[in-house]
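It should be emphasised that the depicted structure is a prediction, and the values quoted were computed from it without experimental measurement.
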Amino acid sequence: MKQFISKRELARHAHVSYSTFQRYLRSRRDVLDRFGISPCAKKLPGYVAKYLMEDYCIDYSEE
């Protein structure tokens, strides 16, 4: 897994639009706060992305 993953890339792997993915992240604001991630962050650290992929059942295979 990459060190940082963009929110757009995660949205693409989830097969949803970026705006839909942003709405999903707003519902997980408490989790992002615990990780110390700003809602405005464009890229997410790998450990946060891994948590979100497991939580949202995103199949991420690097291309």
Side-chain angles (χ1 to χ4, degrees):
M1 169 158 302
K2 297 178 184 178
Q3 221 172 355
F4 287 89
I5 300 173
S6 73
K7 290 179 182 177
R8 286 194 186 280
E9 189 174 348
L10 281 177
R12 192 178 78 238
H13 284 282
H15 303 288
V16 296
S17 69
Y18 181 70
S19 60
T20 298
F21 193 72
Q22 284 292 89
R23 280 195 303 276
Y24 162 74
L25 290 179
R26 276 197 298 269
S27 74
R28 298 295 193 265
R29 176 75 188 263
D30 60 325
V31 173
L32 293 178
D33 286 344
R34 279 186 295 195
F35 281 122
I37 302 300
S38 164
C40 299
K42 299 287 183 200
K43 293 190 174 201
L44 301 171
Y47 63 94
V48 175
K50 182 178 178 184
Y51 173 84
L52 292 172
M53 288 185 290
E54 290 174 359
D55 188 45
Y56 199 49
C57 300
I58 298 171
D59 181 28
Y60 184 88
S61 53
E62 294 187 46
E63 294 148 358

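Under the 3.5 Å distance criterion, the side-chain polar atoms of K7 are left unmatched by any main-chain donor or acceptor of Y18.
Between I58 and L52, the shortest heavy-atom distance links the atoms CD1-O, 4.4 Å. In this structure, P39 and Q22 approach most closely via the heavy-atom pair O-NE2, 4.5 Å. In terms of heavy atoms, S17 sits closest to A11 at O-CB, 4.0 Å.
In this structure, the separation between CD1 on I5 and NE2 on H13 is 7.5 Å, given to the nearest 0.5 Å. Taken to the nearest 0.5 Å, the CZ atom of F35 stands 12.0 Å off from the CZ atom of R28. For the atom pair E9 CD and K43 NZ, the distance stands at 8.5 Å (nearest 0.5 Å).
Residues Y56 and V16 have side chains in contact (heavy-atom distance under 4.5 Å, counting atoms from C-beta outward). Under the 4.5 Å side-chain criterion, counting only non-hydrogen atoms from C-beta, L44 is not in contact with Y51.
F4 and I37 fall into different hydrophobic clusters, where Ile, Leu, Val, Met, Phe, Trp and Tyr are joined by side-chain heavy atoms under 4.5 Å apart, directly or via other members.
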